[in-house]
Amino acid sequence: MPELPEIETIRRGLEPLLTGRTLTGAVARVASLRRPLAGDLGRRLTGAVVGAVERRGKYLLLRCSTGTLILHLGMSGHLHLVERGTAPGRHDHLDLLVDADAVLRLTDPRRFGTVLWTGEDPLHHPLLAGLGPEPFAAALSGTYLEEKARGRRLAVKSFLMDQKTVAGIGNIYASESLFVAGIDPRRPVSALTLQEHDRLCAALRTVLAEAIALGATTLDDFSRPGGKPGYFDLRPRVYGRAGEPCTVCGAAILTLRQGGRASFFCPFCQS
DNA sequence: AGTGCGGCCTGTCCGC
DNA sequence: TGCGGACAGGCCGCAC
């Protein structure tokens, strides 16, 4: 569910709450989420002091003195820092104990999340090693996209959602970026010109930066029970707006399915 | 190798 | 009001 801007917002919210604190155990209420939870997770992370809260694509990384906790929130995951002793709800599957008084609680109704502990460099973990560049890194450019697209026939929308292309883009921001760039989501990606790849690169940064700025307004919700920090009230240009008027030309927004996912676009502003 | 699809889970919404 | 089915902002593993 959450894409890069939501994860970045969560990262910014957690950073001041967790940095310098010590993990003191874990309480798992299910055996697995998307993949099995390590049975000895609590033992392995006990005593780890949180040094930094980082993000790579849609993954959160709690860099600690003795290793790194890798978290992925899947489609429905939430994190809250609550007081020790707060009664868990139905979908509160994992508690990470923080010092003697707090709990970092993972709520995830669909259980598509992932939680791993590694003593190695997390960026070399198989799940993260193949990720494409961060959208705001200099490594991402129109030239990079053009090279990555060379010889490939898949639709540009699916190309954008592939985490090996760019890290962190999901279904919403793929549609939104293509609208801002004026590119039809059905185009075979190798057919885009360098100029179009440049526009796409700029559009990705525009929509992500907007969403991150919007997310900053939700940071106060972070430790409020029931609050949903990082899940903010987006005003999409096209996503979810099938049949509604295009904000630029007024034509009806169209929807179609690509790779099993809904795409939204304006048939006149995107070509 | 690149591509598309099914499956994982539960909640919600829509049409009948 | 109840029910079935489709769908949901993700990702992996598999078959072609």
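Below, chain A is the first sequence line, B the second, and so on; all start at residue 1.
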Phe112(A) atom CZ is separated from dG10(C) atom P, nearest whole Å, by 11 Å
What one should report as the nearest heavy-atom pair of Thr114(A) and Arg34(A) is OG1-CB, 4.0 Å
In this structure, CZ of Arg44(A) is separated from CG of Leu116(A) (nearest 0.5 Å) by 9.5 Å
* Within the pair His91(A) and dG11(B), is there a side-chain N or O less than 4.0 Å away from OP1 or OP2? -> yes
Practice task
Please assess Leu61(A) against Val53(A) for the test side chain to side chain contact (heavy atoms under 4.5 Å, CB included), listing each intermediate value before the final yes or no.
Solution key: CA-CA 6 Å; Leu61(A) 306 175; Val53(A) 183; over 6 Å; no
Is there a donor-acceptor contact under 3.5 Å linking the side chains of Ser271(A) and Asp184(A)?
no
Name the nucleic acid region contacted by Leu154(A), choosing base, sugar-phosphate or nothing; use a 4.0 angstrom heavy-atom cut-off, strictly under. sugar-phosphate
Fill in: Between dT12(B) and dC11(C) - C1' atom distance, rounded Å
22 Å
Between the CG atom in Asp198(A) and the OG1 atom in Thr143(A), the distance rounded to the nearest 0.5 Å is 6.0 Å
If you compare every side-chain N and O of His72(A) against the phosphate oxygens of dC11(C) (OP1, OP2), does one of them come in below 4.0 Å? yes
Whole-Å P distance, dC9(B) and dC14(C):
16 Å
In whole angstroms, the gap separating P of dG2(B) from NZ of Lys164(A) amounts to 9 Å
Between CG of Asp162(A) and C1' of dG4(B) the distance, given in whole Å, is 12 Å
Counting just side-chain N and O atoms, does Arg153(A) come under 4.0 Å of either OP1 or OP2 of dT3(B)? no
note: Lys157(A), atom NZ; dG10(C), atom C1'; distance rounded to Å ~ 12 Å
pair_partner(dC14(B)), Watson-Crick or wobble, both distances < 3.5 Å, evaluates to dG4(C)
Whole-Å distance, Arg111(A) CZ to dG11(B) C1', equals 13 Å
Here the distance between atom P of dG7(B) and atom CG of Leu33(A), to the nearest Å, is 21 Å
If pairing means Watson-Crick or G-U wobble with both distances under 3.5 Å, then the partner of dC9(B) is none
Met161(A) CE to dC5(B) C1', in whole Å, measures 14 Å
To the nearest angstrom, the CZ-C1' distance between Arg90(A) and dT10(B) comes to 7 Å
- Indicate whether OP1 or OP2 belonging to dG10(C) is found under 4.0 Å from a side-chain N or O atom of Arg34(A). no
**Prompt:** According to a strict under-4.0 Å criterion, is Gln163(A) in side-chain N/O contact with OP1 or OP2 of dG10(C)?
**Reply:** no
ask   = Just to confirm, is there a sub-4.0 Å distance from OP1 or OP2 of dA6(C) to any side-chain nitrogen or oxygen of Arg261(A)?
value = no
